[in-house]
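Below you'll find the structure, written out as structure tokens, and then a few comments.
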Amino acid sequence: MTGTATTAESVAAELVGPFRAHRGRPHVVLKYAQTLDGRIAAVGGDSKWISCEPERAVSHAVRARCDAVVVGSGTAVRDDPRLDVRLVPGESPLRVVIDSTLRTPTGAQVLSGPPDTVLITTARASAADRERISRAGAGIREVPAAPGGVDLPAALAVLHAEGIRSVMVEGGARLLTALLAAELADRIVVGIAPRIIGTGVEAIGDLGVHRVADGIALRRACLHSVEDDVLVAYDVLG
Ligand SMILES: Nc1c(N[C@@H]2O[C@H](COP(=O)(O)O)[C@@H](O)[C@H]2O)[nH]c(=O)[nH]c1=O
């Protein structure tokens, strides 16, 4: 690893930077891995693995710095992630799945703990799925529905009310895009892998931007390289 920081934990600390206190929501860090050409998965969804293993350790160290790690239900279903910090020392944060209809399968690794898991859902989830998820040992929090699925400010407010002051959001693209569009992201950390796959799943979707000058401005770059991967972080807000 380049620079003065040499462990996954110290690289993560520099990339994540300080947390800001917000009224009613946690500090939000987006962290994902992409190919050089901006893909977070191939057509069909395969994404294992884009990053080299030491870069994935940095991702786990970013998880360990946050109070919760958050994914959308599409990611929970497609990737079946564990969302723990097994590649670094430290405690695993709370795992959160944004799942408006509770479609996370019973056998999903994110439902086997520890660490604890909370699914944030809406009135659209059936009683049978609520029962199924509760039996699997995960918590359920209901928030209002929104056109994209879950009302994200309400979801973040629920986490904040439970003492969560920082979250790392890993994906998928729909959740990353919705948070950026709603101006709910404080920091963005992107691992760029030395690979080009062409057509695939793009990290960030439509933001309604038609002129480059209207794009989301990022500030204060922080750069590291890990083997041939490059990690870059920016402040999104402030
Ligand atoms: N593919 C990819 C990542 N993917 C993220 O990691 C999750 C899998 O976590 P786990 O099951 O705990 O290993 C997956 O659902 C997605 O959020 N992360 C990275 O640092 N690099 C990668 O190349």
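Order of appearance sets the numbers: ligands from 1, and atoms from 1 within every ligand. Nothing fancy with the numbering, it's 1 onward along the sequence.
Both the backbone and the side chain of Pro81 come within contact range of ligand 1, each with a heavy atom under 4.0 Å. If you look at Ala33 next to ligand 1, the close heavy atoms, those under 4.0 Å, all belong to the side chain.
Between Ile40 and Ala203, the closest heavy-atom pair is CG2-CB, 3.5 Å. Between Ser59 and Lys31, the closest heavy-atom pair is OG-NZ, 3.0 Å.
Checked for salt-bridge contact, Glu162 and Arg141 meet the test: a charged N lies under 4.0 Å from a carboxylate O. A salt bridge is defined here as a Lys NZ or Arg NE, NH1 or NH2 lying under 4.0 Å from an Asp or Glu carboxylate O, and Arg56 with Glu227 fails to meet this definition. The pair Arg78-Asp46 does not count as a salt bridge, with every side-chain nitrogen at least 4.0 angstrom from each carboxylate oxygen. Using a cutoff of 4.0 Å between basic side-chain nitrogens and carboxylate oxygens, Asp235 and Arg220 are scored as salt-bridged.
Here is the list of ligand 1 atoms found below 4.0 Å of a heavy atom in Leu83: 10 (P), 12 (O). Those atoms of ligand 1 that come under 4.0 Å of a heavy atom in Ser59, given as number and element, are 19 (C), 20 (O). Distances below 4.0 Å separate heavy atoms of Arg82 from the following atoms of ligand 1: 10 (P), 11 (O), 12 (O).
The shortest N or O to N or O distance between Arg86 and ligand 1 is below 3.5 Å. Between Ile50 and ligand 1, at least one N/O pair is under 3.5 Å apart. Remark: ligand 1 and Glu170 share an N or O pair separated by less than 3.5 Å (distance only, no angle test). Annotation: Trp49 places no N or O atom under 3.5 Å from an N or O atom of ligand 1; distance criterion only.
Within the 4.0 Å heavy-atom cutoff, Arg56 counts among the residues contacting ligand 1. A heavy-atom separation below 4.0 Å is not found between Gln109 and ligand 1.
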Verdict with reasoning, Phe19 to Val29, per side chain to side chain contact (heavy atoms under 4.5 Å, CB included): CA-CA 9 Å; Phe19 293 147; Val29 179; 4.2 Å; yes

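With respect to atom 14 (C) of ligand 1, the closest heavy atom belonging to the protein is Asp79 OD2, 3.2 Å. Looking from atom 1 (N) of ligand 1 to the surrounding protein, the closest heavy atom is Ser47 O, 2.9 Å. Of the protein's non-hydrogen atoms, Ser51 OG, 3.5 Å is the one closest to atom 19 (C) of ligand 1.
In this structure, CZ in Arg174 is found 11.5 Å from CG in Leu179, a value given to the nearest 0.5 Å. The CD1 atom of Ile50 lies 10.5 Å from the NZ atom of Lys48; values are rounded to the nearest 0.5 Å.
For atom 9 (O) of ligand 1, the candidate residues are Glu53, Arg63, Arg195, Gln34; the nearest heavy-atom contact is made by Arg63.
With contacts defined as side-chain heavy-atom distances shorter than 4.5 Å, the pair Glu170/Arg63 qualifies.
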